[in-house]
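Contents: one structure, followed by commentary.
Order of the sequence lines fixes the chain letters, A, B, ..., with proteins taken first and strands second; residue numbering starts at 1 for each chain. All values below come from the heavy atoms of this structure, side chains included, with hydrogens, waters and symmetry mates left out.
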Protein chains: 2
Amino acid sequence: MTLKTLDNSLEVLKYFSKENPTWGVRELAKEMNISHSIIYRILATFENQGFLIQHPETKKYELGLRFLEYGQMVKDKLNLSDFVLPIMKNLAEAIKESVFLTWLDGTDGVTVEIAESSQTIKFSVSIGTRTPLHIGASCKTIMAFLPDERKKEIMDHGMKKITPETITEPDKMLADLEKIKQQGWCFTTGEYSHSVFGVGVPLFNSKKEVIASLTIAGPIYRKPTEEKLPEMVNVLQYGAMNIQRYFDQYSFKLYHE
Amino acid sequence: MTLKTLDNSLEVLKYFSKENPTWGVRELAKEMNISHSIIYRILATFENQGFLIQHPETKKYELGLRFLEYGQMVKDKLNLSDFVLPIMKNLAEAIKESVFLTWLDGTDGVTVEIAESSQTIKFSVSIGTRTPLHIGASCKTIMAFLPDERKKEIMDHGMKKITPETITEPDKMLADLEKIKQQGWCFTTGEYSHSVFGVGVPLFNSKKEVIASLTIAGPIYRKPTEEKLPEMVNVLQYGAMNIQRYFDQYSFKLYHE
DNA sequence: TCAAATGTCTCTATAATAGAACCGTAATTG
DNA sequence: CAATTACGGTTCTATTATAGAGACATTTGA
């Protein structure tokens with residue numbers, strides 16, 4: 001059983017996004033179809049604790065500095081920048097496309113580390129970005145290696161179509177995942193964004209459970225030809241192997257182990 | 001009026017620190033002197049929403065990936081890395097000590113950006129670190145330029161002594177702050193940590209209210225001599241002036257403006 | 001100049017929470 | 001190896017905090 005008040009409050013917090021970073025009390029109440037009194041109390045409480053701040057003139061609320069602290073703590077705990085990021089940077093340089101690490105978190109994949117391509121046109125994504133597991137190479141790579149019951153949970157959780165290419169039919173998805181699992185990698189075009197391609201490979205914990213994926217992505221006009229794809233997969237798998245070795249060696253304990 | 005349930009829950013969250021990143025239900029309940037049922041419900045609710053995760057074997061809780069997202073959003077909003085960080089890096093190189101930017105947040109100063117010294121022995125601090133405003137050069141610099149009633153609030157909020165050098169007597173503090181305000185900078189030794197010196201200067205918003213400070217810090221054995229100090233202050237003030245110009249120019253809107 | 005929208009506050013029926021007691025399991029210890 | 005302690009999780013009900021409508025003073029904008 002969960003606390004309803006806290007649950008609602010966290011739901012409110014989720015409306016503070018990159019697209020909508022500031023909210024007025026009644027504005028947010030209208031958006032959520034909730035009484036403005038309730039929203040007011042929630043926002044005021046978050047503000048009291050430094051999780052939100054209120055602009056003294058506009059009276060609107062936005063995320064507070066408290067999140068810097070917590071975000072940094074999570075980052076420190078993941079401890080990817082010392083060993084994993086350099087590997088990713090090398091990869092990005094070799095392939096000349098952006099490389100990113102996606103972590104499994106419930107029914108989402110979360111971008112936890114990025115090495116951007118040096119090209120002027122490149123795939124770009126923020127740390128902390130959250131994507132449903134049925135969308136795109138980085139996420140489907142993870143989903144493919146999950147137990148069947150987890151796959152079902154994720155599909156039951158709802159498969160939103162965000163581009164025409166997004167797969168939303170359960171049967172089609174299962175067939176696709178099966179193929180990914182067998183070949184050990186995933187290649188997609190236009191699923192996450194209509195102008196992006198991606199190639200992903202999985203990463204596992206010591207119990208051989210999938211916990212993350214390593215993915216390269218770039219603009220669709222640079223997508224690999226059928227002959228070039230195996231080579232790209234090879235390079236990516238080599239990088240993943242190095243990261244995997246680090247996970248194994250240091251008995252990478254954080255999350256799902 | 002604030003929501004008690006949410007308030008308590010956020011208080012619980014604050015126990016997840018760098019020093020104590022993982023907590024079991026009863027362990028945390030004991031620490032907080034609260035029934036373990038209550039703690040359990042709070043932790044379970046946070047976990048449900050991805051703000052905490054539970055280790056499947058030890059059953060202990062730690063911060064979840066959701067904070068990566070929020071932390072990054074706050075960082076993006078501050079938008080310091082493009083213009084301010086390079087200035088800080090230049091400063092750090094010129095002075096050969098670490099330089100950091102501290103933001104006013106309630107009764108605390110929060111480290112929001114860092115340029116580390118290239119020396120092997122250097123002052124090091126994490127982004128998001130929160131320090132009471134009465135401690136150290138970076139914080140006292142801010143406090144000195146706050147209105148008197150805010151100073152009183154901060155002192156009433158409690159002045160913990162964390163080193164022998166920490167000033168905790170209100171009268172002594174006020175005299176110290178007055179001096180800082182008049183000279184426009186602050187030099188401290190051993191207040192934050194017994195082995196650290198710091199020199200700080202204030203930064204203001206468009207209404208001339210203090211919102212942050214720029215500080216250099218290093219090991220106490222490299223602290224500037226009385227003759228060298230003015231030069232160091234000069235270099236620091238020059239950097240601060242550049243940052244200030246950026247704040248003014250781009251009508252730096254985030255927080256306290 | 002008037003009307004609509006805003007953040008904040010007050011009130012009370014109602015619904016959610018606190019906290020003790022309990023459960024089965026896992027770890028610890030004599 | 002048996003007994004004890006500690007653990008996360010659950011159930012129960014008296015108590016308490018919350019939901020939600022409404023009012024208020026300001027501000028905004030037509």
**OP:** Would you mind reading off the distance between B:Leu28 atom CG and D:dC7 atom C1', rounded to a whole angstrom?
**Re:** 14 Å

Original post:
Cut-off 3.5 Å, side chains only: do B:Gln72 and A:Lys18 have a donor facing an acceptor?
Top reply: no

Original post:
D:dA23 C1' sits how many Å from A:Tyr40 OH, rounded?
Top reply: 15 Å

Original post:
Is a donor-acceptor pair below 3.5 Å formed from side chain B:Ser37 to base D:dT10, judging by atom type as modelled?
Top reply: yes

**OP:** Write down the distance between CD1 (B:Ile39) and C1' (C:dA20), rounded to a whole number of angstrom.
**Re:** 16 Å

Original post:
Distance check: side-chain N/O of B:Gln54 vs OP1/OP2 of D:dG9, anything under 4.0 Å?
Top reply: yes

Original post:
Reckon B:Leu3 touches a base, only the sugar-phosphate, or nothing at all at heavy-atom distances under 4.0 Å?
Top reply: sugar-phosphate

**OP:** Send over the distance from B:Ile38 CD1 to C:dT17 C1', rounded to a whole Å.
**Re:** 8 Å

**OP:** On DNA chain C, check which nucleotide each of A:Gly24 and B:Arg26 is closest to and give me the residue with the more 5' one.
**Re:** A:Gly24

Original post:
Is any side-chain N or O of A:His36 under 3.5 Å from a base N or O of C:dT6, one able to act as donor and the other as acceptor?
Top reply: no

**OP:** Return the value, rounded to whole Å, for the distance between atom CG of A:Leu43 and atom C1' of C:dT8.
**Re:** 12 Å

Original post:
Which residue, A:Glu47, A:Glu27, A:Gln54, forms the side-chain hydrogen bond (donor to acceptor under 3.5 Å, both in side chains) with A:Tyr61?
Top reply: A:Gln54

Original post:
Side chain of A:Tyr61: nearest nucleotide among D:dT18, C:dT8, D:dT11?
Top reply: C:dT8

**OP:** Indicate, with a heavy-atom threshold strictly under 4.0 Å, whether B:Lys30 touches base, sugar-phosphate, or nothing.
**Re:** sugar-phosphate

Subject >> Nearest to side-chain heavy atoms of A:Val25, which nucleotide of C:dT8, D:dG20, D:dG9 >> reply: C:dT8

Original post:
Within this structure, what is the CD1-to-P distance between B:Ile42 and C:dA18, rounded to whole angstrom?
Top reply: 6 Å

Original post:
Can we call the ring centroids of B:Phe145 and B:Phe204 under 6.0 Å apart?
Top reply: yes

Original post:
Where the side chain of A:Asn8 is defined as all heavy atoms beyond and including C-beta, which of D:dA19, D:dA17, C:dG7 is the nearest nucleotide?
Top reply: D:dA19

**OP:** Measure the acute angle between the ring planes of B:Phe67 and B:Phe51, then classify it against the limits of 30° and 60° as parallel, tilted or perpendicular.
**Re:** perpendicular

Subject >> Value in whole Å for how far the C1' atom of C:dA4 lies from CD of A:Glu27 >> reply: 16 Å

Subject >> Geometric class of the A:Phe83/A:Tyr246 ring pair [parallel <30°, tilted 30-60°, perpendicular >60°] >> reply: parallel

Original post:
Toward the 5' end of DNA chain C, which comes first, A:Arg41 or A:Thr5, by nearest nucleotide?
Top reply: A:Arg41

**OP:** Using a cut-off of strictly less than 4.0 Å, decide whether A:Lys59 has a side-chain nitrogen or oxygen near OP1 or OP2 of C:dT6.
**Re:** no

**OP:** May I have the distance from A:Leu6 (atom CG) to C:dT17 (atom C1'), rounded to whole angstrom?
**Re:** 12 Å

